[in-house]
Amino acid sequence: MRLIDHRFLVVVGKGGVGRTTCTLALALALARHGRRVLVAELGGTDHLVQAAGGQGASYAPRQLAPGVDAMSLTPMDCLDDFGRRKLRVSRVVSLVLRSRVVQAFIDSVPGLHDLLQLGKLENLLNEPLPSDPKYDICILDAPATGHGATLLAAARSMREMTRAGPFAELARIIEDFLHGPGCGMVPVTLLEDLPVQETTELLRTLEQDGLRIAAVLANRRASSRLPESPSWLDVRPLLAGQIAPELVRLADDALAIQARQQSSLARLQSAAAQRPLAVLPDIGSPPIVDALASALASLMEEP
Amino acid sequence: MTEIVVCCGVGGTGKTTTSAALGVASALSGRRTAVLTIDPARRLADALGLDALGNEPRPVALPGNAAPLHALMLDRKGTWDAVIRKFSASEEEAERLLANRYYRAVSTRLTGSHEYMAIEKLYELVESDEWDRVIVDTPPARHVLDFFQAPDRVGRLLDQSVLGVFTQPGRGLFGGATRRAVELVERVAGEAVMGEIADFFRLFSGLSPGFRARAAATAKLLRSQQTLYYLVVNASSPGRNDVLGFLQTLKQEQMQFAGFLINRVAARTDASPVMLPEEVDGMPLEQWTAWRRALSELPGHRQARRAQHINQARELVSAAGGSPAWLIPEVEDGPRDVEGLARLARHLPPCPPTTL
């Protein structure tokens with residue numbers, strides 16, 4: 001399936017790899033292909049809005065860029081929607097759901113936060129109300145600790161706890177949704193030894209759980225500071241005694257970084273096998289997201 | 001008395017590796033040390049020379065006459081189960097709780113239960129009196145404050161102060177709004193979930209006093225003079241707002257901030273200004289021109305990055321009112337073995353902090 005044909009993408013990866021920036025860049029690239037995109041984050045944070053230069057979390061979708069809206073979900077807002085939809089509870093009664101007692105309850109049922117918030121996104125995509133905005137695709141900036149496999153585990157854990165009732169049904173819907181054909185994971189990694197090894201393991205885990213990999217993103221590739229031909233290894237002997245040893249060391253370092261990224265990339269390519277893989281440059285200064293979106297353009301139509 | 005060192009920081013800062021290096025440094029300085037890691041990459045276990053890490057301390061082989069160093073990895077579910085067994089009046093009572101579906105979900109998935117168990121495990125290590133120093137790596141979090149706030153939430157939950165209204169008979173005691181909220185939640189959640197939760201609290205009520213006493217003891221320990229908090233930050237993106245929030249919380253909670261561990265600082269270079277020859281034998285002029293430009297730019301790039309790292313470090317230190325900072329140089333691809341960790345350790349406490 002081409003990247004642009006997905007309905008739901010989950011951007012996953014360890015802390016510090018640049019998930020939020022990649023989520024936005026993907027969204028812009030998809031919007032340039034005419035898709036109506038919703039980017040979403042969980043837990044009421046405003047990281048996406050901040051990355052786009054703004055401030056303030058909003059549950060109601062708010063435009064970040066042409067064709068791209070952002071939404072910050074909270075379990076409370078989603079429970080409110082869930083209650084109204086499932087039980088046809090009126091808006092007035094639903095205010096009751098916003099009490100401290102209810103907050104305590106949803107905090108104490110393991111996995112419920114994730115399920116309610118994923119449920120809201122599933123709903124927006126698959127059964128939007130006439131008053132809801134319509135989106136072609138939603139991209140979730142998943143929490144560092146909550147990659148695709150743990151979101152799926154939330155659904156399983158709920159089903160282990162209860163086999164009947166509204167929460168069990170919600171869990172089943174989420175499992176089907178994550179396994180559905182339009183849903184794909186997008187692991188983000190840096191081109192370093194450890195992150196690439198962890199991403200290789202993550203790819204295996206996700207596939208074992210029956211989750212699809214829509215694309216793999218290698219973020220922050222350092223731009224080369226050295227000419228490639230002739231290589232430093234050929235040039236260095238010619239300079240013997242003519243330049244400062246400290247400068248030789250700096251060039252050695254630069255070459256080592258380049259070589260390390262090269263070998264990390266080779267390992268990532270072999271782990272990613274046939275899946276679409278994009279390498280994103282390390283861009284020190286803004287506008288980072290625009291430039292990264294351009295770098296992702298070629299990925300959009302790849303099968 | 002066991003000294004406790006807590007390494008805080010958001011994900012991706014190299015917290016786990018830094019904790020392991022602190023452990024090596026501590027053992028090399030003659031202290032019997034245990035390092036409690038949370039979610040180490042397999043390579044860290046390799047770097048410590050261990051096949052795998054378990055929920056009990058395992059010895060790490062160190063060169064020379066270092067004090068013993070042990071490492072362990074938190075097993076959240078295993079630690080929960082052990083605590084339940086410990087505080088249960090009987091084997092049978094424990095088994096019934098361990099089989100409860102709500103308990104199984106709480107012990108594996110509840111937000112904050114990872115942090116709660118990290119502190120429980122820490123307490124166990126301190127109580128054993130086998131260690132001069134215990135170093136704790138904190139669970140991965142987007143926010144550095146999670147480590148402090150999550151356990152309290154779980155503690156309150158277990159203490160029934162929040163869920164009591166759902167599990168106690170005699171709802172008539174509660175006011176109209178609360179009663180309506182409870183009824184609505186029951187409809188949304190369904191009978192089965194509420195039944196499991198009620199069962200859990202009935203079984204758990206016997207354990208409550210033990211848990212409460214333990215929570216009070218750990219809270220005291222974390223605020224005592226024997227517990228030091230370090231914040232691990234990334235030199236190129238220190239996350240200033242997060243840092244300030246963290247420092248404020250420590251102050252409110254009367255916890256002792258020991259300093260910043262600033263990771264991946266660009267190394268110093270003195271290769272400036274650079275004099276390069278006009279031409280080089282054996283190389284066409286046009287190739288050398290490209291190389292000449294690339295080489296002449298290298299020192300400037302390195303210095304600019306280092307200057308940026310040092311400036312950001314200074315800002316942190318001044319925002320913290322002059323707390324010490326240890327600058328850890330960038331290491332080619334991270335340490336691969338105990339020697340690599342020992343080299344990192346030369347830049348960490350108990351060595352003196354960096355003069356900025």
Side-chain angles (χ1 to χ4, degrees), chain A residues 14-17 43 45 79 82-83 86-87 89 93-94 96-97 99-102 104-105 107-111 113 143-145 153-154 157-158 160-168 192-194 197-198 201 225-227 229-230 235 238-239 242-244 246-247 249-251 253-254 256 260, chain B residues 10-13 41-43 101-102 104-106 108-111 113 139-142 153 157 162-163 165-166 177-178 180-182 184-185 187-193 196-197 234 237 267 269-271 274-277 280-283 287 290-291 294-295 297-299 301-302 332-334:
Chain A
K14 277 236 166 177
V17 297
T45 52
L79 178 74
F82 182 76
K86 290 290 158 201
L87 305 176
V89 170
V93 179
S94 85
V96 171
L97 279 176
S99 75
R100 208 183 62 84
V101 177
V102 176
F105 174 77
D107 285 348
S108 60
V109 179
H113 281 192
T145 51
S157 143
M158 181 62 76
E160 271 166 34
M161 206 169 99
T162 169
R163 299 200 178 274
F167 284 176
E192 289 167 23
D193 213 17
L194 206 52
Q197 187 197 324
E198 286 173 355
E201 285 162 21
R225 304 226 177 271
L226 303 178
S229 169
V235 173
L238 301 178
L239 295 174
Q242 297 182 70
I243 68 171
E246 177 63 13
L247 190 55
R249 262 196 297 281
L250 284 181
D253 283 357
R260 196 174 75 206
Chain B
V10 292
T13 51
R42 191 171 305 151
R43 220 182 60 187
R101 289 175 173 183
Y102 178 70
R104 289 213 300 257
V106 162
T108 50
R109 281 210 55 82
L110 185 68
T111 311
S113 87
R142 194 149 193 175
R153 252 196 336 258
L157 161 72
V162 291
L163 277 191
V165 297
F166 292 100
T178 302
R180 276 213 304 284
V182 170
L184 213 52
V185 165
R187 277 173 65 200
V188 175
E191 249 174 61
V193 172
E196 285 293 321
I197 294 179
N234 207 330
S237 51
T269 176
D270 54 9
V274 179
M275 296 297 286
L276 291 165
V280 169
D281 281 349
M283 214 172 155
Q287 283 181 1
W291 265 102
L295 288 172
E297 285 172 357
L298 285 175
H301 281 299
R302 169 70 67 83
E332 189 62 15
D333 230 16

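Each chain gets a letter, A, B and so on, in the order its sequence line appears, and its residues count up from 1.
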- [ ] Kindly indicate, with the supporting measurements, whether the criterion side-chain hydrogen bond (donor to acceptor under 3.5 Å, both in side chains) is fulfilled by B:Thr269 and A:Glu246.
- [x] CA-CA 7 Å; B:Thr269 176; A:Glu246 177 63 13; 2.7 Å; yes
Task: Heavy-atom contact with chain B under 4.5 Å, split by part of A:Ala154 - done: both
Task: Spatial distance of atom NE2 (B:His301) from atom CG (A:Leu250) [nearest 0.5 Å] - done: 11.0 Å
- [ ] In sequence, state the C-alpha distance, the side-chain angles, and the governing distance for A:Thr162 and B:Glu196, and then conclude on side chain to side chain contact (heavy atoms under 4.5 Å, CB included).
- [x] CA-CA 8 Å; A:Thr162 169; B:Glu196 285 293 321; over 6 Å; no
Task: Atom pair CD/OG of B:Gln287 and A:Ser229 - distance to nearest 0.5 Å - done: 6.0 Å
Open item on the list: Let's test your reading of the structure: which of A:Pro230, A:Pro110, A:Ala168, A:Ala164 forms the most heavy-atom pairs below 4.5 Å with chain B?
Closed with: A:Pro110
Open item on the list: So for B:Glu297, is it side chain, backbone, both, or neither that comes closer than 4.5 Å to the heavy atoms of chain A?
Closed with: neither
Open item on the list: Quick check: closest heavy atoms across B:Arg101 and A:Glu160, and the distance to 0.1 Å?
Closed with: CD-O, 3.4 Å
Open item on the list: At a 4.5 Å cut-off on heavy atoms, which part of A:Ala251 comes close to chain B: side chain, backbone, both, or neither?
Closed with: both
Task: Smallest separation among heavy atoms of A:Leu238 and B:Gly282, with atom names - done: CD1-O, 3.8 Å
Open item on the list: Any non-hydrogen side-chain atom of A:Phe105 less than 4.5 Å from a side-chain atom of B:Ile197?
Closed with: yes
Task: Contact summary for B:Trp291 and A:Pro227, nearest pair of heavy atoms - done: CZ2-O, 3.5 Å
Task: From CG (A:Leu247) to CE (B:Met275), nearest 0.5 Å - done: 12.5 Å
TODO: State the CG-CG distance between B:Leu110 and A:Asp107, to the nearest 0.5 angstrom.
DONE: 8.5 Å
Open item on the list: With chain B as the partner, which of A:Gly165, A:Pro166, A:Ala244 has the greatest number of non-hydrogen pairs under 4.5 Å?
Closed with: A:Pro166
